[in-house]
Structures are given as structure tokens and as C-alpha cells.
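This report refers to the structure that appears directly beneath it.
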Amino acid sequence: KRMFFYLFNMVPYLFVLVTVIAVLEAVLPYVNVIATQMIIDGLMEQKSASTIAYIIIITLAINVLFRFVLGGFRKKREIAEVKLELYFQKRLSIHELRLSLVDIESTKVQSLRRNIEQAKMRNGGIDRVINNFEIIVKNISSLIVAGIVFMGKLSVHLLHLNYKQNRIF
């Protein structure tokens with residue numbers, strides 16, 4: 001928890017990027033599901049071929065746009081992660097430079113140095129905090145988007161049923 005807040009204060013931009021990427025990745029499948037439903041509904045209602053083609057073209061355009069934007073955000077995320085790692089290394093080096101020779105050779109400092117290197121080799125430390133944050137944000141985004149889509153579909157269905165009932169009487 002403390003490490004997360006420390007990293008967030010160092011590079012808040014990285015955590016914003018992770019959140020935006022997770023939300024876009026959560027929305028994209030629903031765009032395709034809704035488009036597929038619109039195509040099937042159009043075919044069932046015997047809409048014109050140009051209307052169906054329009055839905056397909058818009059869906060493809062949205063997919064291309066999302067993929068392009070996601071690619072850009074992923075590149076920016078990689079850059080932010082490298083900057084974070086370099087900043088962290090710089091802070092560590094500055095701290096080591098301030099230590100006296102006796103402190104640098106002490107068992108406590110050597111043990112800390114080994115622990116840092118082991119955490120890097122196990123993909124721990126900074127990467128683990130960022131990956132855990134990403135997993136949490138992806139899960140929350142997926143649940144929120146699924147809820148929004150479900151509620152939207154349910155409300156449309158209920159409106160349709162209400163319309164049918166009022167039309168009968």
C-alpha cells in the first residue's frame with residue numbers, strides 16, 4: 001500500500017495511463033457485441049443492405065480507432081515505466097552516494113542491495129505494484145462496463161415491452 005502511494009506520487013501519469021488503457025480494453029468487446037446485435041436485428045427486420053453495411057463500416061472504424069489509441073497509450077505507458085525505473089535508480093544512486101564508505105560496506109546496506117536486485121530478477125517491486133494495479137483496474141472497469149451495457153439493454157427491452165403493451169390496448 002505504501003509502495004503504491006510512493007510510486008503514484010513519483011509518476012501519477014503512469015497510473016492514469018494504466019486506467020485509461022484498462023477502460024478502453026473493457027469497452028472494446030462490447031462495441032463488437034452491440035454491433036453484432038444491431039446487424040442481426042437489422043437482418044431480422046429486413047433492413048436494407050446499405051444500413052447493414054453502414055453498421056459494419058462504423059464498427060470497423062471504431063475498432064481501428066480504439067486499436068490505434070490503445071497502441072499509442074501502450075507506448076506512452078512503456079515510456080512512463082522506463083522513466084519510473086530510471087527515476088527510482090537515480091534516487092537509489094543518490095542515496096548511496098550520500099552514504100559513507102563504512103555504511104556502504106555494512107551488512108545492512110549489502111542486504112538491502114541484494115533484496116533490491118532479487119526483487120528485480122523476480123519481476124517484483126515496481127513492476128509488481130503496477131501489474132497489481134492494472135489487474136484491479138481491469139476487473140473494476142470490466143464490471144462497470146458490463147453493468148452499464150446490461151442496464152442499457154435491459155432498459156431498451158423494458159421500453160420495447162411497455163410500448164407493445166400500450167399498443168395492444
Transitively linked via ILVMFWY side-chain contacts under 4.5 Å: [X] with [Y]?
| X | Y | answer |
| --- | --- | --- |
| Ile55 | Leu43 | yes |
| Ile58 | Met38 | yes |
| Ile57 | Ile40 | no |
| Leu70 | Leu60 | yes |
| Ile34 | Tyr54 | yes |

message: One thing to verify: whether Arg77 and Glu81 come together as a salt bridge, which I'm taking to mean a side-chain N less than 4.0 angstrom from a carboxylate O.
response: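 A salt bridge is present here (some side-chain N lies under 4.0 Å from a carboxylate O).
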- prompt: For residues 136-147, which residue pairs qualify under salt bridge (Lys or Arg N to Asp or Glu O under 4.0 Å), counting only residues two or more places apart or in two chains?
  reply: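 Of all non-adjacent pairs touching residues 136-147, those that pass salt bridge (Lys or Arg N to Asp or Glu O under 4.0 Å) are Glu25-Lys138, Glu134-Lys138.
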- prompt: Roughly how far apart are Thr36 OG1 and Ile56 CD1, rounded to 0.5 Å?
  reply: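 Between atom OG1 of Thr36 and atom CD1 of Ile56 there are 9.5 Å.
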- prompt: Going from CG on Leu28 to CG on Asn63, what distance comes out if it is rounded to the nearest 0.5 angstrom?
  reply: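 CG of Asn63 is found 5.0 Å from CG of Leu28.
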field: Stepwise side chain to side chain contact (heavy atoms under 4.5 Å, CB included) check, Phe66 with Val27
entry: CA-CA 9 Å; Phe66 268 51; Val27 168; 3.7 Å; yes
query: Per the side chain to side chain contact (heavy atoms under 4.5 Å, CB included) rule, which among Val18, Val23, Leu24 passes with Val20?
result: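 For Val20, the side chain to side chain contact (heavy atoms under 4.5 Å, CB included) test succeeds with only one of Val18, Val23, Leu24, which is Leu24.
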Is there a side-chain contact between [X] and [Y] in this structure, where contact means two heavy atoms from C-beta onward sitting under 4.5 Å apart?
| X | Y | answer |
| --- | --- | --- |
| Ile148 | Tyr30 | no |
| Thr19 | Phe133 | yes |
| Val82 | Glu78 | no |

- prompt: At their closest point, which heavy atom of Val145 faces which heavy atom of Ala26, and how far apart are they?
  reply: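 Result for this residue pair: CG1-O, 3.8 Å.
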message: Which residues pass the salt bridge (Lys or Arg N to Asp or Glu O under 4.0 Å) test with Lys76, not counting sequence neighbours?
response: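 For Lys76 there are no salt bridge (Lys or Arg N to Asp or Glu O under 4.0 Å) partners, ignoring immediate neighbours.
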task: Ignoring hydrogens and angles, tell me if any N or O in the side chain of Thr51 forms a donor-acceptor pair with the backbone of Lys47 under 3.5 Å.
output: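 No, because the side chain of Thr51 does not come within donor-acceptor range (under 3.5 Å) of the backbone of Lys47.
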